[in-house]
Amino acid sequence: MSSLTLALPPHFSVPAFLDFHGRDQHAISEQVESNVLRKAVTLDGRPCLLALDFNQPGQVRATARTLTRTALSRQTRAMLGLDQAVHTFEQAVTGQATPLGQLVGRQRGLRVPQSATPFEALSWAIIGQQISVSAATAIRRRFIQLAGQTRISGLHCYPDAAAVSQLDASALRSVGFSASKAETLLTVSQCCCEHALLPDALHSETDAQSTEQALLGIRGLGPWSVNYTLLRGYGYLDGSLHGDVAVQKALQQLLALKARPTAKATRDWLAAFTPWRALVAAHLWQSLQVQA
């Protein structure tokens, strides 16, 4: 078993990270309990149980049976967003006497939790298109069970593209997918297997743009799904999530607008914050959580 301990940066929000991974209270693929995340996932074709323990202040202890120590460090840093350059963004924004500058100042240190794999992020984006979070969570749960992956310590491993490509549309329909979503997910899975649709990481802006264009070329994937995937799958902080209803709602509240801004108006407002548009969207999301 590999294990390591990493220091957490100042203002790191453990509750926000655990809330993101604890959306499914039925704990099919991940379980959050006593400040510990246990996550079962298929990595490099092998079942893996990852545990992230936050019980010691200011640090996280990570363990996994099937990962090398180097791979475990890379996986943990990615999921926690530890390499996201949030300090540079905060320095640029919080010095401005603007509503966003004030918001970021209150939410200093905010990082964007990532899914365990880019494929998990993309499949969640497909499932969640135009339905409520509760409905999407229920479909995701049945989808994980349908894929029939290895169970570790009572948890189902989140499937990889190879496993999903073996399913058919009727099976996906039976667990709540629409016909179009089933077709899109199967197409994505085949492309991952045959054409390396999702790279392991994005190493440059060129990589991000290439991946974005490849995803947008698939029927059923629009800008929201693609930019959400880039954010949650890779920690790419400049995707424009202007079509997200929650982002629009939070922007309305932030700017004290009489009506919710349109997608175009939201896109135009976010454009001023390149290369941090997705991180700005994450701050807008968080502002709704704080108010709730």
Side-chain angles (χ1 to χ4, degrees), residues 16 20 78 81 83-115 118 121-122 124-126 128-130 133 198-199 201-291:
F20 172 69
D83 296 322
Q84 295 171 9
V86 299
H87 182 64
T88 302
F89 165 72
E90 290 172 356
Q91 283 186 317
V93 174
T94 55
Q96 304 173 7
T98 63
L100 180 64
Q102 295 168 0
L103 175 64
V104 173
R106 293 193 298 271
Q107 299 179 165
R108 191 178 298 274
L110 178 71
R111 294 168 188 272
V112 183
Q114 290 180 225
S115 300
L122 179 51
W124 170 257
I126 293 169
Q129 291 171 351
Q130 299 181 328
V133 173
L198 295 175
L202 304 179
H203 299 290
S204 67
E205 182 66 24
T206 300
D207 284 351
Q209 292 176 356
S210 176
T211 302
E212 178 184 19
Q213 290 306 308
L215 290 170
L216 287 173
I218 295 175
R219 182 179 179 181
L221 294 181
W224 180 86
S225 299
V226 170
N227 284 301
Y228 183 91
T229 299
L230 294 177
L231 176 63
R232 294 297 195 188
Y234 297 102
Y236 179 64
L237 300 179
D238 195 32
S240 182
L241 290 157
H242 54 274
D244 189 280
V245 172
V247 169
Q248 297 168 10
K249 179 181 177 181
L251 183 58
Q252 178 187 358
Q253 295 181 3
L254 179 71
L255 302 181
L257 302 175
K258 292 183 178 180
R260 195 178 79 200
T262 63
K264 180 181 183 303
T266 304
R267 181 192 63 197
D268 293 344
W269 184 84
L270 287 171
F273 301 104
T274 300
W276 310 105
R277 290 174 294 172
L279 184 54
V280 171
H283 274 278
L284 292 173
W285 281 333
Q286 182 64 20
S287 71
L288 296 177
Q289 296 297 319
V290 170
Q291 291 176 8

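We use all heavy atoms of the structure for the numbers below, so side chains are in, but hydrogens, waters and symmetry mates are not. Predicted model, so just to flag it, every value in this text is computed and none were measured.
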Novice: May I ask you to decide if Ala92's main-chain N or O and Gln96's side chain share a donor-acceptor pair within less than 3.5 Å?
Specialist: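 Yes; at least one donor-acceptor contact below 3.5 Å.
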Novice: Is the backbone N or O of His242 less than 3.5 Å from a side-chain atom of Gln248, with the two atoms forming a donor-acceptor pair by type?
Specialist: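 Yes, the answer is positive, given that a donor and an acceptor are paired below the 3.5 Å cut-off.
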Novice: May I ask you to decide if Ser225's main-chain N or O and Thr229's side chain share a donor-acceptor pair within less than 3.5 Å?
Specialist: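 Side chain of Thr229 to backbone of Ser225: a pair is present.
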Novice: Would the His283 and Phe89 ring centres measure less than 6.0 Å apart?
Specialist: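 So the answer is yes for these two rings.
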Novice: For the residue pair Trp276 and Asp238, confirm or rule out a side-chain donor-acceptor distance under 3.5 Å.
Specialist: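 Trp276 vs Asp238: no donor-acceptor pair found between side chains.
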Novice: Between the main-chain N or O of Gly109 and the side-chain N or O of Glu90, is there a donor-acceptor pair closer than 3.5 Å?
Specialist: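 It does hold such a pair.
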Novice: In terms of side-chain heavy atoms, does Arg260 have a donor or acceptor partner in Gln252 at a distance below 3.5 Å?
Specialist: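 Checked: Arg260/Gln252 side chains show no N/O donor-acceptor pair below 3.5 Å.
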Novice: Is a donor on one side and an acceptor on the other found under 3.5 Å between the side chain of Gln84 and the backbone of Tyr236?
Specialist: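 Such a contact is absent between Gln84 side chain and Tyr236 backbone.
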Novice: Do you know the tightest heavy-atom contact between Ser240 and Leu270?
Specialist: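 Taking every non-hydrogen atom into account, OG-CD1, 4.0 Å.
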Novice: For the pair Ser115 (side chain) and Pro118 (backbone), establish whether a donor and an acceptor sit closer than 3.5 Å, ignoring hydrogens and angles.
Specialist: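 No.
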Novice: Do Gln107 and Ser287 have side-chain N/O donor and acceptor atoms under 3.5 Å apart?
Specialist: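 Not at all, the side chains of Gln107 and Ser287 share no donor-acceptor pair under 3.5 Å.
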Novice: Taking it one step at a time, do Leu100 and Val93 satisfy side-chain contact (heavy atoms from CB on, under 4.5 Å)?
Specialist: CA-CA 7 Å; Leu100 180 64; Val93 174; 4.0 Å; yes
Novice: Which atom names give the shortest non-hydrogen contact between Tyr234 and Pro199, and what distance separates them?
Specialist: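 In terms of heavy atoms, the two residues are closest at OH-O, 2.8 Å.
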Novice: Got a donor-acceptor contact below 3.5 angstrom from the Arg232 side chain to the Pro113 backbone?
Specialist: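 Yes, because the side chain of Arg232 sits within donor-acceptor range (under 3.5 Å) of the backbone of Pro113.
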Novice: So does Leu241 get a backbone contact from the side chain of Asn227, meaning a donor-acceptor N/O pair under 3.5 Å?
Specialist: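 No: the side chain of Asn227 does not pair with the backbone of Leu241.
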Novice: Using a 3.5 Å distance criterion without hydrogens, assess whether the side chain of Thr274 forms a donor-acceptor pair with backbone atoms of Ala271.
Specialist: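 Yes, Thr274 side chain to Ala271 backbone: donor-acceptor pair under 3.5 Å.
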Novice: Under 3.5 Å, is there a donor-acceptor pair between the side chain of Tyr228 and the main chain of Trp124?
Specialist: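 A pair under 3.5 Å: no.
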